[in-house]
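The structure under discussion appears below in the form of structure tokens.
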Number of protein chains: 2
Amino acid sequence: MPRFGADNPQHDAGQGLYVRKDAPIYFENDTANHWYEIISGVVRTCRFQVDGHRHVTGLYYKGDVFGLETGRYQDTAEAVTETVMIPHPHCTREAPAQDTSRAYEWNRALRKALGSARSCIRLMGCKTAEEKVAAFLLETRERLQADDTIVVPMSRGDIADHLGLTIHTVSRTITALVRQKLIALDGRQKIKILDDKGLSMIAGEAGGSRASGPGEG
Amino acid sequence: MPRFGADNPQHDAGQGLYVRKDAPIYFENDTANHWYEIISGVVRTCRFQVDGHRHVTGLYYKGDVFGLETGRYQDTAEAVTETVMIPHPHCTREAPAQDTSRAYEWNRALRKALGSARSCIRLMGCKTAEEKVAAFLLETRERLQADDTIVVPMSRGDIADHLGLTIHTVSRTITALVRQKLIALDGRQKIKILDDKGLSMIAGEAGGSRASGPGEG
DNA sequence: CGAACAATTGAATCCTTTCAAAGGGAGTGG
DNA sequence: CCACTCCCTTTGAAAGGATTCAATTGTTCG
């Protein structure tokens, strides 16, 4: 079985690693040699059910980290766009966490990974297709650090497998949001957010402001 | 608004903390003073949408940790059963990570929390109600370290809000699994797993064995 | 034993999926 | 430069599954 992931026991730590669009980075059940920090580009992790269904378990953007599981990778990682990232060696039995700074680095990375996982859980907690897509758009804007216009880097299929929907439903839902004048399309990748609060409402979040709410000023 | 969580700035680190069934531990948006390690009992974390819907974002059992977010808690934590846990002080600006052993402790805790989050994501990745419930039962057995008979500690409502279903669907699905002779009920809490592999198949996992699969010998 | 709450079950509705087909871009080759 | 093809996306109609509404059954606790 010729499987070629970018993960390699001999990566130079700190060296930037380039992977092209759609290239695999590591496979589920491979020995986890490194975790990765994204310099530029987008990465997805996914799992496959026996019936062939794919579940995109995470999407990672500039500054995010992934592949922090110990022992063996529990997902497959692939580049969504061409991506540059830094591989960091994992803690192993032979090379345990020697120095403190290393421990702190892991700490920071683990916190970051936990945050990504939380985002994913929040997204999947939405019930209807409209809630999911609205939440996804808001989340993607935030993680891409984009303003009102998002250039969605992944395909409808990726979005669908991330949200637990079909391509068709994702497409229909986006169309519906356009018709409601909440967003506008420019090609299939560029999505402009027209009504922030409207989207937030649909997503089930407190409209627009993330803080403790209006309160009783 | 009188909100009384068990989280308290003055917890004695290392002291066991007892909370009764259904008691709150901390609330979303509270300052995160501690993270918790469960000695006995079960805890749920949840978030609420503006429409009132509840999403159970995590279930934690003996040995699990929760509440590791920095700054403010992002979920509300409540005891599902009466619970004993150990509060651990969070790293703050005033009291940064001084010593190495503390850093390692956090490391271990963060890894554990990441594992719990992964489980949750795996569960929510299931598409149909049957897949979700089957996966939930298998997961619960594992995390309770139970044998074939699970004493499910939470209500149908908790299960439903965890899986993104309604109480009705959960109930119907369980009934269906009983009819298929995959499980058997004894009261509403005791669930006996009759057909391991059958459940795994439905859950979409490779039947029973978790390893690299049959491969090509 | 009765009351209150949790769980189960039935029937109709709504939403998502499935099946089927058409539309639109990007890239290649003539 | 244009025509063609391939693949992704959009859209339509029918089918399937989960939710909602409504009511019953079963448990636990006072």
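FYI, side chains are in, hydrogens and waters are out, and symmetry mates aren't considered; it's all heavy atoms of this structure.
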**Message:** Need the bend value for the helix from C/dC1-D/dG30 to C/dG30-D/dC1: angle between end axes, 5 pairs each end, nearest 10°.
**Reply:**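 Answer for the end axes of this duplex: 40°.
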Output one line per pair: protein atom, nucleotide atom from nucleotides 3-7 of chain C, and distance, for all N/O pairs under 3.5 Å.
from: C/dA7; atom 1: OP1; to: B/Arg156; atom 2: N; distance (Å): 3.3

**Message:** I'd like to know if B/Arg54 and B/Asp158 make a salt bridge, using a cut-off of under 4.0 Å between side-chain N and carboxylate O.
**Reply:**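 Looking at B/Arg54 and B/Asp158, the cut-off is met.
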Under 3.5 Å, which donor-acceptor pairs do the side chains of residues 117-140 of chain A form with other protein atoms, sequence neighbours left out?
from: A/Arg118; atom 1: NH1; to: B/Asp75; atom 2: OD2; distance (Å): 2.7
from: A/Arg118; atom 1: NH2; to: B/Glu69; atom 2: OE1; distance (Å): 2.9
from: A/Arg118; atom 1: NH2; to: B/Glu69; atom 2: OE2; distance (Å): 3.1
from: A/Arg118; atom 1: NH2; to: B/Asp75; atom 2: OD2; distance (Å): 3.4
from: A/Ser119; atom 1: OG; to: A/Gly115; atom 2: O; distance (Å): 3.2
from: A/Lys127; atom 1: NZ; to: B/Gly164; atom 2: O; distance (Å): 3.4
from: A/Thr128; atom 1: OG1; to: A/Glu131; atom 2: N; distance (Å): 3.2
from: A/Glu131; atom 1: OE1; to: A/Lys127; atom 2: N; distance (Å): 3.4
from: A/Glu131; atom 1: OE1; to: B/Gln49; atom 2: NE2; distance (Å): 3.1
from: A/Lys132; atom 1: NZ; to: A/Leu163; atom 2: O; distance (Å): 2.8
from: A/Glu139; atom 1: OE2; to: A/Arg143; atom 2: NH1; distance (Å): 3.0
from: A/Thr140; atom 1: OG1; to: A/Phe136; atom 2: O; distance (Å): 2.7

**Request:** Under 4.0 Å from any heavy atom of chain A: name the first and the last nucleotide of DNA chain D that qualifies, 5' to 3'.
**Result:**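 Nucleotide range with atoms under 4.0 Å of chain A: D/dC8 to D/dA13.
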**Message:** I want to check something: taking the side chain as every heavy atom from C-beta on, are A/Leu177 and A/Ile202 in contact at a cut-off of under 4.5 Å?
**Reply:**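 The answer is yes; the side chains approach within 4.5 Å.
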**Item:** pair A/Leu59-A/Met154: side-chain heavy atoms closer than 4.5 Å
**Value:**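 The answer is yes; the side chains approach within 4.5 Å.
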Report all side-chain donor-acceptor pairs from residues 16-23 of chain B shorter than 3.5 Å, counting only partners two or more places apart or in another chain.
from: B/Tyr18; atom 1: OH; to: B/Glu82; atom 2: OE1; distance (Å): 3.0
from: B/Asp22; atom 1: OD1; to: B/Arg44; atom 2: NH2; distance (Å): 3.3

Let me confirm one number: the [atom1]-[atom2] distance from [X] to [Y], rounded to the nearest 0.5 Å.
X	Y	atom1	atom2	result
B/His162	B/Thr45	NE2	OG1	8.5 Å
A/Met201	A/Leu182	CE	CG	10.5 Å
A/Ile86	A/Ile39	CD1	CD1	3.5 Å
A/His34	A/Phe66	NE2	CZ	12.0 Å

**Request:** Output yes when a side-chain donor or acceptor of A/Arg156 lies under 3.5 Å from a complementary backbone atom of A/Arg188, and no otherwise.
**Result:**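 Yes; at least one donor-acceptor contact below 3.5 Å.
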**Message:** Tell me if a side-chain donor or acceptor on B/Ser200 pairs with a main-chain N or O of B/Asp196 at a distance below 3.5 Å.
**Reply:**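 Confirmed, B/Ser200 side chain pairs with B/Asp196 backbone.
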**Message:** As a quick check of understanding, evaluate side chain to side chain contact (heavy atoms under 4.5 Å, CB included) for B/Tyr60 and B/Ser116, giving each step before the final call.
**Reply:** CA-CA 8 Å; B/Tyr60 307 90; B/Ser116 298; 3.9 Å; yes
**Asked** Does B/Gly187 or A/Val170 map to a spot on DNA chain C nearer the 5' end, using the closest nucleotide for each?
**Response** B/Gly187
At a cut-off of 3.5 Å, list every protein nitrogen or oxygen paired with a nitrogen or oxygen from nucleotides 14-16 of chain C, distance to 0.1 Å.
from: C/dT16; atom 1: OP1; to: A/Ala129; atom 2: N; distance (Å): 2.7

